[in-house]
Amino acid sequence: MEREAKQQQQKQKAYGGQAQAVKPRATARRPPPACSVPLELVFVSAEVAPWSKTGGLGDVMGALPRAMAARGHRVMVVAPRYTNGGKDIAKYKDTKPVAKSVWVELNNSWHELKYHTIVRDAVDYVFIEHMCYQREGTPYGDASGPFADNLFRFALLSLGALEAPLNLPLKRDLATGAPLDEVYGQDVLFVANDWHAALLPLLLTARFRPYGVYANARCCLAIHNLAHQGSHEASRFADIGLPGEWYGTLEWQDPGDKQRKKTINVLKAGIVTSDLLLTVSQGYAAEITGRPQDARVDMLLAQRANKLRGIVNGIDVNEWDPESDKHLVATYSAYDLSGKAACKRALQREMRLPQDPELPVIGFIGRLDYQKGPDLLLDALPILANLDCQVVMLGSGAPDYEARLREATHEFGWFCRGHVGFSVPLSHKIIAGCDILIMPSRFEPCGLNQMYAMRYGTVPIAHATGGLIDTIQDYNPFAKGEGEGTGWTFAPAAIETMVAALSTAVKLFREEPERWRALQLRCMFNDSSWEHAAQQYESVLCEVMADKVQYTGSRK
Ligand SMILES: Nc1ncnc2c1ncn2[C@@H]1O[C@H](COP(=O)(O)OP(=O)(O)O[C@H]2O[C@H](CO)[C@@H](O)[C@H](O)[C@H]2O)[C@@H](O)[C@H]1O
């Protein structure tokens, strides 16, 4: 309520000089919680910001659990404790080791798992220590490619997460936060994220429920990106330590593979053994169930479409706040955008581009991967060179795209600068300092950058796909009053359509500054906080827990 009122006040002020009145938002009251008792949630993920982040999964795990805890639920997040060969140990300096370790059997040997925990914003973050998370590199691999034992590493994550609610005395009083010296117990709801945690529902079914453990527990699988399924050679089945009767749950023959090679597909196992499936936008939910003949496990998703829910991600409005962003040379709000102009100048200076406020700056941030379409933007540079704009790109990933980014700086350096690397401070500076954020993603389950951009008064232009359709409202040049739209979407994902959208935006920026400012303000007042998404998660998750089915064990 208070936030709404503050926003409304700010909005009145921001639009103050303009003729049009601002319509109040319809949704002011927080709806009652959807369940009668608080949920006991255990999020399981390969990454969680700020401790580990290579992309959007880390961001979501850093924010959604907090939003659920703020709604009164008991929340734990379990992730590996990556030390990157010792370089990242300092990131975990505030965490405390748990006295009790747990031994689990995997791949025919026993492994000791140590746990480290920290409470932040009423969430119990739990990090699993094991030597396989200590090597140099990202959570998934190093310069030579993905780690060969990733199947084992992430099976260990799932097992470690399954042991955590049974063994770690982390329970606290929900009202006071006082420690109770009790474990979470068995009646928990696991939310397993992406293929890295997708073995969890299978291990729950195969290694716990037959012995009467977790009879009332539930597991949802959240799919952030169907492109990564955890596909491995079938012979690696032994790495998971399951009896042969479960092989069929994992076996997958890609219909597109002419050699009919059998594989095991971890996401498939998660899809068929979870109680409910979640994905990160309604648009993507429709896309991944709409053309089942096209891709690999889409068929199974289409068959379980009645168990799939799409919920658009929110963004962390504290981490991404132009009024307090510590990475910026100047902060700003919708009321006074002069700080944004200073950020633009600073970005132009840092990227060694002419410091000209008249030139619209177009930004790109993302993994350099076919999904994100960096090649479309790079291929369009000769045309954009005539548009009187500047282009700033930040990304890391596929070596050939990285090389092209460097070449682009070399060839088009007078208006385009590419930075190869992963830099959170620079990503904030780009989001704030640009006028336009371009997202030519070929597919995009949700996308976060467009929402960060809007909050910073940077107008998104994106391929009309997945969550980008759900989150960007197309600019309507004919709208009366305060105007309509928060950006532009284009389709298909092609240079021509992208350039056309960019040209339209640049024309508006240059020729109609008042309308541009109104567009920026609409973006800035667009509410993408986690509150709304958390409310939807709550109602879906409560529905899952309300299902009274009991998984009874027969092997006690
Ligand atoms: N070089 C770089 N330097 C600094 N920061 C960088 C960076 N490259 C990317 N980032 C940051 O990483 C995050 C990426 O978010 P995306 O939504 O693009 O996620 P991603 O595609 O990884 O994840 C998947 O999961 C998320 C979450 O559900 C979905 O939104 C998405 O569609 C789906 O593909 C953003 O915070 C971005 O700023």
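Read the numbers this way: they start at 1 and go in the same order the structure lists the ligands and their atoms. Keep in mind that what you see is a predicted model, and the values were worked out from it rather than measured. Counting begins at 1 with the first residue of the sequence.
Considering only non-hydrogen protein atoms, atom 28 (O) of ligand 1 sits nearest to His224 ND1, 2.7 Å. Protein heavy atom at the shortest distance from atom 10 (N) of ligand 1 is Phe422 CE1, 3.8 Å. Protein heavy atom nearest atom 34 (O) of ligand 1, with residue, atom name and distance: Gln371 NE2, 3.0 Å. Scanning the protein heavy atoms around atom 32 (O) of ligand 1, the nearest turns out to be Glu444 OE2, 2.5 Å.
Geometrically, ligand 1 and Gly55 share no nitrogen or oxygen pair separated by less than 3.5 Å. Any N or O atom pair closer than 3.5 Å counts here, and Val280 shares no such pair with ligand 1. No N or O atom of Trp320 sits closer than 3.5 Å to an N or O atom of ligand 1. Between Leu448 and ligand 1, at least one N/O pair is under 3.5 Å apart. The N/O atoms of Val60, backbone and side chain alike, include none that comes under 3.5 Å of an N/O atom in ligand 1. Ligand 1 has no nitrogen or oxygen under 3.5 angstrom from a nitrogen or oxygen of Thr54. Taking any N or O of Cys446, backbone or side chain, at least one lies under 3.5 Å from an N or O belonging to ligand 1.
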Does the salt bridge (charged side-chain N to carboxylate O under 4.0 Å, His left out) test come out yes or no for Arg455 and Asp527, once each step is laid out? CA-CA 8 Å; Arg455 189 157 161 75; Asp527 184 1; over 6 Å; no
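Remark: Asn84 pairs with Lys87, Asp88, Glu136 by the side chain to side chain contact (heavy atoms under 4.5 Å, CB included) rule, at least two apart or across chains.
More than 12 heavy-atom neighbours from other residues, nucleotides or ligands sit within 6.0 angstrom of CD on Gln355.
Between Tyr456 and Trp320, the ring planes are perpendicular. Angles over 60° get that label, and only those under 30° would be called parallel.
At a threshold of 4.0 Å, the pair Arg71-Glu531 does not count as salt-bridged, since none of the basic side-chain nitrogens sits closer than that to a carboxylate oxygen. A salt bridge does not link Arg74 with Asp124: every distance from a Lys NZ or Arg NE/NH1/NH2 to an Asp or Glu carboxylate oxygen is 4.0 Å or more.
Listed by atom number, the atoms of ligand 1 under 4.0 Å from Asp59 heavy atoms are 13 (C), 35 (C), 36 (O).
In this structure, the side chains of Phe415 and Leu384 come closer than 4.5 Å at one or more pairs of heavy atoms.
In this structure, Gly58 does not count as a contact residue of ligand 1, since none of its heavy atoms falls inside 4.0 Å of the ligand. Put simply, no part of His419 is less than 4.0 Å from ligand 1, judged by heavy atoms.
Sequence neighbours left out, the pairs with a member in residues 140-156 that pass salt bridge (Lys or Arg N to Asp or Glu O under 4.0 Å) are Arg135-Asp149.
Residue-level proximity to ligand 1 for Asn313 is carried by the side chain, the only part with a heavy atom below 4.0 angstrom. Of the heavy atoms in Ser423, only backbone atoms (N, CA, C, O) come closer than 4.0 Å to ligand 1.
Tyr125 does not carry Arg120 over the face of its six-membered ring by the limits of under 6.0 Å from the centre and within 45° of the normal.
Side-chain atoms of Thr458 come within 3.5 Å of backbone atoms of Ile431 as a donor-acceptor pair (strictly under, hydrogens ignored).
For atom 35 (C) of ligand 1, the candidate residues are Leu226, Thr465, Asn449; the nearest heavy-atom contact is made by Asn449.
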